[in-house]
Amino acid sequence: MAQVIQWYPGHMAKAFRLMRENLKLVDIVFELVDARIPLASRNPEVDKLIGTKPRLLIMTKADLADPKATQSWRTYFEKQGLAVLVLDSRAPKTAATVTKAARTVLADQIAAQEERGIHQRPIRAMLAGVPNVGKSTLLNHLVTKNVAQTANKPGVTKKVAWLKTPAGLEILDSPGVLWPKFEDQEIGMHLALTGAVKDTLFAKDDAALALLAYFRQQQPTAIIDRYHLDQDAFDLSDVELLLAITAKLGFQDDYDKAAIRMLNDLRSGKLGRYTLDRP
Ligand SMILES: Nc1nc2c(ncn2[C@@H]2O[C@H](COP(=O)(O)OP(=O)(O)OP(=O)(O)O)[C@@H](O)[C@H]2O)c(=O)[nH]1
Ligand SMILES: [Mg+2]
């Protein structure tokens, strides 16, 4: 039986409480979701917390996602009345794009303030999203220097902090938060595959099999090309295929090693652009 994936350490529960306390101080929440898993990376607790507060939904890591699927997701969210931005958080000029979008979402509020004679009050924003989605990376762009620690592993930011940006935002960086129980294990697996769950918390072979099942459905040639397999390789079962890839990679029968390699290939885009969640 596959291991159940769950990750809700104390620092996340604490971060969530701090977000709740700080919510009343902010004008807008930037809700970050991973464009490869726009469904699995939307934290239902964060969604509830934001409630009717103005929000900007930012789809990050769009450079790794399937552009067509990203477009479908954007439409899907916009139909729900959400303001949506699609980004590579590492790209230059994200600061201007995000600031402009925030001002658009808050246009009525800003106009009302102007009428009362309040000009150019900084916009206070809170960043929210699952671990590793790119919150600190985006924040560093917004403040135009590297103040927030980033790394390609989940759980890097452990404290909340306010920072000012040159374009007149005041932003609260917050640690990535998951929730106590995933509704189904597909959510957990999608978070694991994309790197939002600590790697020690799930079995690599389970993840590799889920990866193969996805590529069997969506883009088998990406796997065939990357691992130099025969054209009919997908006649094999997922388990047999994992063993075939293990052999091809020269790991003999150490399929965990092959699984780790495949996960890294997936995350770094070496298997092409992919979107695990479909609208
Ligand atoms: N390809 C790609 N990589 C990104 C993008 N945004 C962030 N990254 C990378 O993803 C990794 C995680 O970024 P962070 O900014 O630390 O993520 P975080 O959301 O602050 O993570 P926690 O603090 O752990 O919650 C880093 O290696 C970033 O360089 C993006 O849009 N595209
Ligand atoms: Mg961070």
Side-chain angles (χ1 to χ4, degrees), residues 7-19 22 29-38 40-43 45-46 49 56-67 69-71 73-74 84-98 101 125-163 165 171-179 190-201 263-277:
W7 190 33
Y8 196 62
H11 85 260
M12 285 187 196
K14 191 171 160 211
F16 192 77
R17 283 199 300 276
L18 284 170
M19 283 163 72
N22 282 301
V29 179
F30 297 155
E31 183 190 5
L32 271 60
V33 296
D34 186 322
R36 298 166 300 173
I37 49 166
S41 64
R42 258 196 117 188
N43 184 336
E45 305 268 313
V46 166
L49 177 79
L56 176 63
L57 190 78
I58 304 181
M59 298 173 70
T60 61
K61 306 208 177 184
D63 54 303
L64 295 170
D66 169 10
T70 302
Q71 191 48 46
W73 274 112
R74 181 204 278 268
V84 183
L85 261 191
V86 173
L87 286 185
D88 172 350
S89 318
R90 301 161 313 162
K93 302 219 176 89
T94 48
T97 317
V98 171
M126 184 196 287
L127 287 169
V130 298
N132 212 20
V133 70
K135 296 176 295 298
S136 299
T137 303
L138 184 63
L139 181 89
N140 283 335
H141 272 298
L142 287 164
V143 298
T144 62
K145 54 177 182 249
N146 286 356
V147 285
Q149 200 189 353
T150 69
N152 198 4
K153 56 179 191 193
V156 173
T157 304
K158 296 255 166 45
K159 289 186 292 193
V160 291
W162 282 104
L163 292 158
T165 82
I171 305 201
L172 196 60
D173 187 18
S174 55
V177 286
L178 293 167
W179 56 108
H190 286 188
L191 288 162
L193 283 170
T194 49
V197 171
K198 209 155 78 165
D199 270 344
T200 49
L201 295 181
L263 268 183
N264 288 337
D265 286 350
L266 178 81
R267 291 172 181 173
S268 59
K270 293 201 178 86
L271 296 175
R273 297 171 74 160
Y274 61 99
T275 301
L276 301 178
D277 293 341

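Below, all heavy atoms of this structure are taken into account, side chains as well, without hydrogens, waters or symmetry copies. Remember, it's 1-based here, ligands and their atoms both numbered in the order they're listed. If you're wondering where the values come from, they're calculated on a predicted model, not measured in any experiment.
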salt_bridge(Asp277, Arg36) N-O dist < 4.0 Å: no
Enumerated ligand 1 atoms positioned under 4.0 Å from heavy atoms of Gly134: 6 (N), 7 (C), 13 (O), 14 (P), 15 (O), 17 (O), 18 (P), 19 (O)
Ser174-ligand 1 polar pair, N/O distance under 3.5 Å: no
For Pro131, atoms of ligand 1 separated by under 4.0 Å from a heavy atom: 25 (O)
Salt bridge flag under 4.0 Å for residues Arg267 and Asp199: yes
Proximal atoms of ligand 1 relative to Ser89 (non-hydrogen, under 4.0 Å): 6 (N), 30 (C), 31 (O)
For ligand 1, the portion of Asn132 having any non-hydrogen atom under 4.0 Å away: both
Full working for side-chain contact (heavy atoms from CB on, under 4.5 Å) between Arg273 and Leu64: CA-CA 5 Å; Arg273 297 171 74 160; Leu64 295 170; 5.8 Å; no
Side chain Trp7, main chain Ala192, donor-acceptor under 3.5 Å: no
Gly176, any N or O under 3.5 Å of ligand 1 N or O: yes
Identity of the nearest option to atom 29 (O) of ligand 1, non-hydrogen atoms only, from His141, Arg36, Arg90, Lys61: Arg90
Ser174 near the Mg ion (ligand 2): N/O/S under 2.8 Å: no
Option whose closest heavy atom lies nearest to atom 19 (O) of ligand 1, chosen from Met12, Met59, Arg267, Lys135: Lys135
Under 4.0 Å to a heavy atom of Thr137 - the qualifying atoms of ligand 1, by number: 7 (C), 13 (O), 14 (P), 15 (O), 28 (C)
Numbering as shown, the atoms of ligand 1 that approach Leu64 to under 4.0 Å (heavy-atom distance): 1 (N)
